[in-house]
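What follows is a single structure, written as structure tokens, with notes after it.
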Amino acid sequence: MKKFIETIKNIFAIEDLRMRIFNTLFFIAIYRLGSFVVLPGVDATRLKSGEASGVFGILDTLLGGAFSNASIFALGIMPYISASIVLQLLTIAVPYFQKLQKEGESGRKKINQYTRILTIPIVMAQSVGFIATISADAILEPGTFFTISTMLIITAGTLFCMWLGEKITDKGIGNGISMIIMIGIVSRLPGAIIGEAAAKGMRGSLIFLIELVVLFLVVMAVIVLTQAVRRIPVQYAKQVGSTAQLNAQRQFIPMKVNAAGVMPIIFAQSLMFVPAIVASVWQNDSDLASYIGVKFSDYTSWQYNVVFATLIIVFTYFYTAISVNPNQIADDLKRSGGFVPGVKPGRDTSEHIDEILTRITLPGALALALIAIFPALALLGGVTRPFSAFYGGTSLIIMVGVVLDTLNQVESYLLMRHYDGMMKTGKVRGRSQNIAMAS
């Protein structure tokens with residue numbers, strides 16, 4: 001406890017870091033206030049009570065209730081995320097965007113600008129779908145004017161959230177876009193814990209404590225998965241006069257076990273609604289379609305979870321393949337005079353890295369699939385639906401990733417000012433690593 005208090009004092013002793021923390025809290029407060037401002041023309045008292053289900057429930061969790069509240073931030077930052085995914089895929093398929101990606105900082109600025117522009121048509125299209133989800137009784141004066149005005153307000157709200165995210169990145173601490181998503185998720189946690197405790201009551205207090213312990217263990221497992229890396233040793237030739245001294249500088253390439261992050265779960269979830277939608281068309285004419293529709297509408301069924309886990313494993317390999325390029329890593333090493341001990345530079349190095357990446361991706365994909373279906377297992381085990389969402393899936397992985405990234409930045413500030421890090425042992429991975437992998 002004494003070490004913790006000393007660390008907090010050190011954090012607030014650094015003026016720049018202190019101001020960044022206060023700025024972050026200020027911007028987050030603005031975002032949370034906006035999440036409760038109901039759209040004009042909507043009667044909040046007539047909105048459907050209870051939490052959204054299916055894809056809307058996932059979206060509402062990521063947005064901290066802004067979706068179900070029909071607020072001006074109803075879609076939040078999610079259209080921007082969709083635009084980012086589209087641009088990321090275009091950098092693989094379209095030569096123009098591939099060229100921009102290789103131009104360094106100037107190329108990234110252009111891609112970010114295209115992402116902002118693409119966000120506008122995406123959010124306007126999604127706002128039409130959102131209007132359809134609003135209860136007809138809650139709309140005071142339905143019509144063309146309400147539809148157009150709501151589309152414009154939701155678009156402006158998303159652009160404002162995007163601006164807040166950029167301000168947090170520039171003036172605050174951590175990645176602003178990720179921070180906004182995490183805050184929306186965390187805002188549901190206190191209510192979920194209280195609801196779970198109330199559901200269990202005094203007689204179920206022991207079961208509630210066991211659930212908290214299991215949740216703690218799951219969070220630790222996600223942290224291990226997020227931080228796990230396979231280090232590929234690299235050596236560089238150090239030039240001294242006219243003589244190249246080998247083994248003078250030894251570094252490594254950290255290959256992440258879960259290089260794909262949360263993206264495979266997002267892709268898989270977007271496809272899991274297709275069978276139920278297609279089956280609903282023929283459910284009155286076919287017993288098989290009716291069976292598929294029922295099973296794939298229930299995310300606790302074993303059929304749903306088997307297909308869901310399989311898709312996650314497939315998408316993990318796919319996204320890892322498009323995000324990590326062994327050929328580029330091998331070329332960068334060759335140009336900088338580096339080599340993997342015992343492996344020839346060039347093609348052999350590329351094949352060596354690709355083989356290692358393929359091997360470590362399998363356990364990472366299996367672990368990611370298990371984490372993704374764990375909320376369903378928790379729900380079947382008697383955990384209430386709101387609380388079970390924090391036992392894995394997109395929510396937990398995003399929370400862990402953002403917290404680790406923020407702690408990493410805070411620790412960097414402390415170490416630059418010659419303070420001790422956040423912990424004497426087990427410091428945040430990545431703050432002092434020598435990384436030989438070029439982007």
Side-chain angles (χ1 to χ4, degrees), residues 26-84 115-168 176-192 266 269-270 273 385-386 389 394-395 398:
F26 175 70
F27 291 132
I28 287 174
I30 293 176
Y31 171 71
R32 288 305 299 159
L33 286 174
S35 299
F36 294 96
V37 178
V38 181
L39 288 165
V42 176
D43 186 354
T45 60
R46 298 181 183 179
L47 290 172
K48 291 181 179 179
S49 59
E51 297 186 353
S53 59
V55 66
F56 300 131
I58 297 171
L59 185 60
D60 195 43
T61 299
L62 296 176
L63 295 172
F67 187 91
S68 59
N69 291 337
S71 77
I72 58 175
F73 294 162
L75 297 180
I77 206 70
M78 303 314 294
Y80 177 79
I81 301 298
S82 301
S84 300
T115 305
R116 297 187 188 100
I117 295 173
L118 183 60
T119 299
I120 296 175
I122 289 178
V123 67
M124 293 192 73
Q126 291 181 351
S127 64
V128 176
F130 167 74
I131 293 172
T133 65
I134 302 176
S135 175
D137 296 335
I139 302 176
L140 300 178
E141 295 184 8
T144 304
F145 177 78
F146 172 79
T147 301
I148 295 176
S149 62
T150 302
M151 288 174 60
L152 294 175
I153 291 172
I154 292 177
T155 301
T158 293
L159 295 179
F160 183 75
C161 289
M162 188 171 63
W163 178 82
L164 279 178
E166 293 176 351
K167 284 299 178 182
I168 292 175
I177 302 298
S178 301
M179 184 71 70
I180 286 178
I181 297 175
M182 188 203 72
I183 291 302
I185 297 171
V186 172
S187 65
R188 289 296 189 91
L189 182 58
I266 294 176
Q269 280 179 335
S270 64
F273 298 100
R385 186 178 295 270
T394 311
S395 303
I398 291 176

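Along the sequence shown, the residues carry numbers beginning at 1.
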### Task
Show the numbers, then the answer: is there a side-chain contact (heavy atoms from CB on, under 4.5 Å) between Leu39 and Ile72?
CA-CA 5 Å; Leu39 288 165; Ile72 58 175; 4.1 Å; yes

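Applying the ring-ring contact (aromatic ring centres under 6.0 Å, His included) rule to Phe27 yields no partners; only residues at least two apart in sequence or on another chain are considered. In this view, Ile81 and Ile77, Ile85, Ile177, Ile181 satisfy the side chain to side chain contact (heavy atoms under 4.5 Å, CB included) rule, not counting sequence neighbours. The side chain to side chain contact (heavy atoms under 4.5 Å, CB included) test applied to Ser178 returns Asn175, Val402, not counting sequence neighbours. Not counting sequence neighbours, the partners of Tyr31 by the ring-ring contact (aromatic ring centres under 6.0 Å, His included) test are Phe73. For the salt bridge (Lys or Arg N to Asp or Glu O under 4.0 Å) test, residues two or more places apart in sequence or in another chain that qualify with Asp43 are Arg46. The side chain to side chain contact (heavy atoms under 4.5 Å, CB included) test applied to Val38 returns Val42, Ala44, not counting sequence neighbours.
Applying the salt bridge (charged side-chain N to carboxylate O under 4.0 Å, His left out) test to every pair with at least one member in residues 149-167, sequence neighbours left out, gives these pairs: Arg116-Glu166. Here side-chain hydrogen bond (donor to acceptor under 3.5 Å, both in side chains) pairs that include residues 144-160, with residues two or more places apart or in two chains, number zero. Residue pairs meeting the ring-ring contact (aromatic ring centres under 6.0 Å, His included) criterion with at least one partner in residues 117-152, sequence neighbours excluded, are Phe67-Phe130.
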N/O donor to acceptor pairs below 3.5 angstrom from side-chain atoms of residues 118-129, sequence neighbours left out:
| unit_1 | atom_1 | unit_2 | atom_2 | d |
| --- | --- | --- | --- | --- |
| Thr119 | OG1 | Thr115 | O | 2.7 |
| Ser127 | OG | Val123 | O | 3.3 |
| Ser127 | OG | Met124 | O | 2.6 |

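Heavy atoms only, all atoms of each residue included: Ser35 and Ser71 are closest at O-CB, 3.0 Å.
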